[in-house]
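Report on the following structure.
Worth saying up front: this structure is predicted, and the values here are computed from it rather than measured. Any value given below was found using the heavy atoms of this structure, including those in side chains, with hydrogens, waters and symmetry copies removed. The first residue in the sequence is number 1, and the count goes up from there.
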Amino acid sequence: MDFCSGLSYFVNQAISSAKYKGKKEIDFEEPLMRLIWIAAALCISTSFVMSYLLISDLQFLKDGVLTPMPHVCGNLP
């Protein structure tokens with residue numbers, strides 16, 4: 001998550017530098033909101049990808065049928 005936040009900062013810095021280069025007045029709220037959106041998108045997508053990579057191969061045998069682990073979703077019988 002720290003890596004994603006750092007990456008978000010540098011991406012936002014590059015976008016802001018290109019957008020506001022040579023301007024005398026800028027809207028300070030826009031780069032901050034963009035940073036929040038970039039960081040949120042990166043952190044959430046990274047969480048989903050890492051979760052998929054870490055637990056996608058775990059299986060659970062129920063009634064002779066191999067199904068995805070139900071206790072990950074909180075559906076323990």
Side-chain angles (χ1 to χ4, degrees):
M1 196 160 182
D2 291 336
F3 176 75
C4 290
S5 296
L7 182 63
S8 302
Y9 173 80
F10 290 113
V11 168
N12 187 46
Q13 184 179 8
I15 293 170
S16 295
S17 295
K19 186 172 183 176
Y20 294 115
K21 186 176 184 180
K23 293 192 177 181
K24 294 184 181 195
E25 290 186 17
I26 66 169
D27 179 16
F28 289 103
E29 188 174 329
E30 184 184 353
L32 293 173
M33 282 301 296
R34 186 174 44 244
L35 176 62
I36 292 169
W37 279 105
I38 293 170
L42 277 176
C43 289
I44 291 170
S45 61
T46 301
S47 295
F48 276 107
V49 169
M50 293 308 291
S51 295
Y52 176 77
L53 291 174
L54 291 171
I55 65 173
S56 64
D57 62 340
L58 298 177
Q59 298 291 321
F60 186 77
L61 188 60
K62 182 177 181 180
D63 297 328
V65 177
L66 202 59
T67 59
M69 292 175 50
H71 61 275
V72 172
C73 300
N75 297 330
L76 279 176

When clusters are formed by joining ILVMFWY residues with side-chain heavy atoms under 4.5 Å apart, either directly or through shared neighbours, do Ile15 and Leu7 land in the same one? yes
Specify the closest pair of heavy atoms between Pro31 and Phe28, including all atoms of both residues, with the distance to one decimal. CD-O, 3.5 Å
Does anything in residues 7-25 pair up under salt bridge (charged side-chain N to carboxylate O under 4.0 Å, His left out), and if so which pairs, sequence neighbours excluded? Lys19-Glu30
Just distance, no hydrogens or angles: give the donor-acceptor pairs under 3.5 Å from side chains in residues 35-46, sequence neighbours left out.
unit_1 : atom_1 : unit_2 : atom_2 : d
Ser45  : OG     : Ala41  : O      : 2.8
Ser45  : OG     : Leu42  : O      : 3.1
Thr46  : OG1    : Leu42  : O      : 2.6

Any pair with a residue in residues 2-14 that passes side-chain hydrogen bond (donor to acceptor under 3.5 Å, both in side chains), sequence neighbours left out, goes on the list, sorted by first then second residue, please. Asn12-Arg34
